[in-house]
Chemist: 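Next up is a structure, given as structure tokens.
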Amino acid sequence: MSAPPVTAGGGLRARAFPPNWPLRLGAVLFVAYVIYAAGIVDIRWERFVQGLGNGARFLGRMFPPNVAPDKMQLLAQGMLESLQIAIIATGAGVLLALPVGLCAARNLMPLPVTILARGLIALCRTFHPVIVAILFVKAVGFGALAGILALIVATIGFIAKLIAEAIEEMSMKPIEALRAAGSPFLSVVIMGVVPQVLPRFIGFAAYQLDSNLRNSALVGLVGGGGIGATLFTAFQRFDYDFVLTIIIAIILAVMAGEILSAFMRRVYQDEAPSGEVKQGASGPVWHRFTAAERGMRLAFWAVAALALGWSVQTIEVIPEFLYDAPAQTVDLFARMWPIDWAYFPKTVQQALIETLHTATLGTVLAILMATPVALMCARNISSSLWVNTLGRFILVATRSVHTLVWALLFVAVFGPGALAGVMAVAVHSIGFTGKFLAEAIEEAKPGPIEALRAAGAPWRSVLLKGFWPQVKPAFLAVSLFRWDINVRESAVLGLVGAGGLGVALQAAMDNLYWDQVGLVLVVIFAVVVVTEIVTATLRAKVI
Amino acid sequence: MSALPVAEAPGHGRALVIRNLVKEYRKGQPVLRDISLSVSEPGIVAIIGPSGTGKSTLIRCINRLVDPTSGSIMLGGTDLAKLQGEALRSARRRLGMVFQEYNLVERLTVIENVLCGRLGYVPVWRAWTRRFPEEDIARAFALLESVGLGDFATRRADQLSGGQRQRVGIARAVMQEPDLILADEPTSSLDPKTSVEIMELLAKVGRERNIPVLVNIHNVALARRYALRMIGMSKGLVVYDGPPAGLQDSHLAEIYGGEGWME
């Protein structure tokens with residue numbers, strides 16, 4: 001290749017940056033789709049401005065938060081019930097998830113068993129806890145029991161999957177040694193598997209307690225008891241000042257839960273217990289843990305057991321409903337069969353498309369809003385502590401309030417429909433997207449950044465040519481991952497009037513057309529599976 | 001380098017004059033105690049000295065990746081030590097820097113990495129849309145050709161070997177049309193043969209562009225071979241400043257301490 005003449009024509013730029021036509025075409029198509037979808041869900045400037053006016057009035061009615069004694073008592077009752085729901089669901093869910101996860105581990109179990117266990121896990125994970133809660137409300141009636149059952153299902157799906165993965169990732173060498181010594185299967189599990197998996201398992205359980213606490217606020221919206229029920233009632237009564245009190249309480253509880261679960265993980269995820277050897281009456285005695293470690297662990301299990309016992313004792317569940325639950329659930333599914341395919345072209349098809357539009361637009365909008373917040377949070381970009389803290393507060397606050405609660409708020413602001421859904425998805429996703437983006441930015445190598453600064457590049461150019469190429473893969477992965485989640489979330493938003501498949505689901509349930517409910521559930525299942533396949537394929541391509 | 005415009009003869013405006021430079025990362029613990037030196041002649045000026053003696057800090061004070069505690073760094077009539085914001089950025093454009101770990105943006109192509117040397121000159125929208133001025137792109141291609149990487153222009157930087165990456169790093173620095181090149185341990189991550197090639201290239205750049213190249217280097221033999229002048233540093237002070245031929249074993253003993261290592 002010979003040096004090009006300095007006076008070369010327009011071909012030089014094309015030689016330096018060969019155009020990637022498929023990528024450009026893809027980008028153009030995507031932008032065209034976003035504009036088209038925005039038109040479909042009726043995102044218009046006038047509506048937005050009008051919504052802002054409503055929003056101001058709405059906010060005016062929310063302030064100041066209502067702290068009257070009777071309201072505070074309602075709040076305390078709701079929060080307490082939510083806490084009980086979360087504790088029972090986590091306890092029971094984790095116990096049930098253990099054998100399921102063990103059965104799903106391909107390095108310990110025969111293939112047919114793992115297939116069955118994995119099928120069960122997939123089923124538990126596919127449906128949003130809200131949908132599961134609705135079904136249980138129909139089966140066992142309003143109240144905490146439905147919420148508990150729904151969250152147990154979610155817990156099994158999440159914990160069993162992680163346990164299976166943890167078991168598959170562990171070292172097989174101790175297992176081989178134990179088997180070679182002729183240990184029976186249960187001994188292999190207790191001595192070989194449990195020690196390797198326990199720290200991570202505690203971490204999962206702590207995370208799940210945190211997540212169940214958040215979700216127990218959610219299942220109440222559809223009749224599953226707890227603070228969600230209090231919140232929904234307040235909404236229906238237009239007690240917006242009390243709504244604000246409840247939302248603040250939820251945010252605080254979620255923050256406290258995050259701190260607690262982080263603490264629990266720290267206790268259990270430190271390196272292996274150091275142990276100690278003490279001089280006993282008849283020679284040295286070995287202890288697996290030092291006294292402090294033992295105390296910590298004992299206290300931990302005692303608190304866990306006490307919390308569980310207290311919750312089971314005090315929660316208001318009508319026992320007859322519990323005994324009746326299996327039969328009622330089976331009956332419910334029997335009424336759904338055969339499903340009503342004729343309902344699809346009439347309503348479901350359009351609702352399905354609206355759900356997909358909501359998820360995509362919400363994700364795009366979330367990324368646009370999360371990027372500046374992520375830049376505020378990343379310490380290698382904003383060195384001001386105030387800016388960091390403000391950014392982190394925005395992330396936590398948007399994430400703590402669930403999409404469905406945001407949807408309730410935005411329905412009040414923009415009126416029912418997909419616009420409220422898009423806004424709810426977008427605002428709730430800021431926390432998740434922004435957190436991961438900020439982490440990706442902080443992990444960027446400082447060397448290239450320094451080189452560009454040393455060349456006198458202005459900060460925007462440093463962002464563009466130094467940070468962006470490094471952050472891009474994580475950015476695309478996070479966006480895809482969030483889109484996947486948002487499809488699931490968008491499918492339930494209609495339950496509070498924010499458009500999509502949830503509207504069709506609600507309509508079918510109100511009319512007691514269970515065969516139509518069955519159809520909507522099948523459609524949601526299919527969409528979730530397809531979405532997961534699509535994102536997995538795209539992720540492999542992009543990264 | 002035939003395609004490149006030859007720089008004008010070194011004038012007074014390009015002399016680098018450092019006076020009483022002090023840098024303390026922690027109060028009362030100076031890394032640079034009191035450095036005074038001036039560099040105006042083209043070609044390699046090698047700075048040698050043990051690890052931790054402040055060689056990197058000195059280089060980084062000059063282009064203000066590190067802020068000096070006191071002293072002045074005059075270049076072409078301005079005191080770099082006092083510049084801020086826009087003025088500092090303009091001054092940095094005239095100081096090329098070559099790094100030990102190359103510091104390329106690995107997910108960008110080789111040609112775009114070279115063009116990053118122009119980021120101080122081109123407006124942000126041009127960088128964003130990749131509409132660099134035509135003559136910049138032509139010069140980037142010519143520079144890549146001159147460092148022997150003409151065929152690699154559209155490869156991604158992370159596909160290159162260490163020596164190739166350092167060539168790109170040098171091309172990026174030259175792309176800035178600098179009055180001075182700073183090189184911070186440019187050969188420490190490379191094998192001996194590649195190290196020689198890189199020093200050869202830096203010497204050539206200094207010669208042809210008629211600019212000083214200030215190089216931090218651990219390898220004394222390599223420094224002697226290519227430097228026209230050597231600066232020995234020890235404990236934050238300059239203890240030798242003169243031609244390589246004048247550098248005696250006694251000097252080395254003073255710079256590095258002890259003598260056993262010299263055998």
Side-chain angles (χ1 to χ4, degrees), chain A residues 1-21 23-24 27-28 31 371 375 380 383 440-441 443-477 541-543, chain B residues 2-3 60 63-65 86 88-109 111-113 115-124 127-128 130-132 134-135 137-142 144-146 150-151 153-154 157 169 172-173 175-176 178 182:
Chain A
M1 203 194 272
S2 64
V6 180
T7 51
L12 207 49
R13 182 171 168 258
R15 236 190 81 202
F17 305 109
N20 183 344
W21 287 109
L23 189 71
R24 284 189 186 183
V28 168
V31 170
T371 306
L375 292 176
N380 51 352
S383 45
I441 295 172
E443 278 163 21
K445 286 192 211 156
I449 311 300
E450 194 177 46
L452 299 194
R453 280 179 42 220
W459 66 270
R460 277 167 302 166
S461 292
V462 174
L463 273 184
L464 209 57
K465 296 291 170 183
F467 280 102
W468 171 240
Q470 298 196 61
V471 173
K472 197 160 100 181
F475 179 83
L476 293 175
K541 245 186 201 161
V542 167
I543 307 155
Chain B
S2 54
R60 278 157 195 268
N63 68 356
R64 290 284 303 285
L65 287 178
E86 182 67 36
L88 175 60
R89 285 206 297 105
S90 302
R92 276 178 172 169
R93 303 192 304 206
R94 309 297 287 180
L95 302 166
M97 181 144 179
V98 177
F99 297 83
Q100 176 179 348
E101 296 292 339
Y102 334 121
N103 289 8
L104 303 184
V105 185
E106 293 189 340
R107 295 177 55 87
L108 294 182
T109 59
I111 188 84
E112 192 159 14
N113 266 292
L115 284 166
C116 277
R118 299 306 291 177
L119 286 183
Y121 294 90
V122 301
V124 178
W128 187 40
R130 302 193 161 146
R131 281 177 203 284
F132 290 94
E134 198 77 357
E135 63 268 24
I137 301 180
R139 243 166 46 80
F141 271 118
L144 277 180
E145 202 66 43
S146 75
D151 293 337
T154 51
R172 174 173 66 188
M175 195 68 204
Q176 288 174 235
L182 307 167

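A quick note: this is a predicted structure, and the numbers were derived from the prediction, not measured.
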Chemist: By salt bridge (charged side-chain N to carboxylate O under 4.0 Å, His left out), which residues pair with B/R107, not counting sequence neighbours?
Modeler: none
Chemist: Pick one of side chain, backbone, both or neither for B/R172, based on which atoms fall under 4.5 Å of a heavy atom in chain A.
Modeler: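 For B/R172, the side chain is the part near chain A, not the backbone.
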Chemist: How close do A/L12 and B/E134 get, heavy atom to heavy atom, and via which atoms?
Modeler: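 The answer is CB-OE2, 3.3 Å.
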Chemist: For the residue pair A/R15 and B/F141, would you count it as a cation-pi contact if the rule is NZ or CZ under 6.0 angstrom from the ring centre and within 45 degrees of the ring axis?
Modeler: yes
Chemist: For B/A127, does its backbone N or O pair with a side-chain atom of A/K465 as donor and acceptor, under 3.5 Å?
Modeler: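 A pair under 3.5 Å: yes.
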Chemist: Roughly how far apart are B/L119 CG and A/R460 CZ, rounded to 0.5 Å?
Modeler: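 Reported value, rounded in 0.5 Å steps: 12.5 Å.
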Chemist: B/E106 versus chain A, heavy atoms under 4.5 Å apart: side chain, backbone, both or neither?
Modeler: side chain
Chemist: Checking the side chain of B/R89 only, and the main-chain atoms of A/G456 only, is there a donor and an acceptor separated by less than 3.5 Å?
Modeler: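 Judged by distance alone, yes, a pair lies under 3.5 Å.
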Chemist: Using a 4.5 angstrom heavy-atom cutoff, name the option from A/P18, A/A457, A/A444 with the most pairs to chain B.
Modeler: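 The option with the most such pairs is A/A457.
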Chemist: Side chain from CB out, backbone as N, CA, C, O: work out which of these in B/R118 comes under 4.5 Å of a heavy atom of chain A, or both, or neither.
Modeler: neither
Chemist: Looking at A/K445 and B/E101, is any side-chain nitrogen of the basic one under 4.0 Å from a carboxylate oxygen of the acidic one?
Modeler: no
Chemist: Does the pair A/R13 and B/F132 meet the rule for a side chain to side chain contact (heavy atoms under 4.5 Å, CB included), with working shown?
Modeler: CA-CA 8 Å; A/R13 182 171 168 258; B/F132 290 94; over 6 Å; no
Chemist: On a heavy-atom basis, which atom in B/I111 and which in A/A16 lie closest, and how many Å separate them?
Modeler: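 In this case the closest contact between B/I111 and A/A16 is CG2-O, 3.4 Å.
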Chemist: Which heavy atom of B/Q176 sits nearest a heavy atom of A/A454, and at what distance?
Modeler: NE2-O, 4.2 Å
Chemist: What residues, two or more places apart in sequence or in another chain, satisfy side chain to side chain donor-acceptor pair (under 3.5 Å) together with B/R93?
Modeler: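 B/R93 satisfies side chain to side chain donor-acceptor pair (under 3.5 Å) with no other residue.
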Chemist: Where on B/L115 is there a heavy atom nearer than 4.5 Å to chain A: the side chain, the backbone, both, or neither?
Modeler: side chain
Chemist: To the nearest 0.5 Å, how far apart are CD in A/E450 and CG in B/N63?
Modeler: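 Taking CD in A/E450 and CG in B/N63, the distance rounds to 8.0 Å.
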Chemist: Mind checking whether A/P458 and B/V124 have side chains closer than 4.5 Å, heavy atoms only?
Modeler: yes
Chemist: Is chain B contacted by the side chain of A/P446, its backbone, both, or neither, given a heavy-atom distance below 4.5 Å?
Modeler: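 It is neither, since no heavy atom gets under 4.5 Å.
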Chemist: Enter the distance from A/R453:CZ to B/N103:CG here, rounded to the nearest 0.5 Å.
Modeler: 11.5 Å
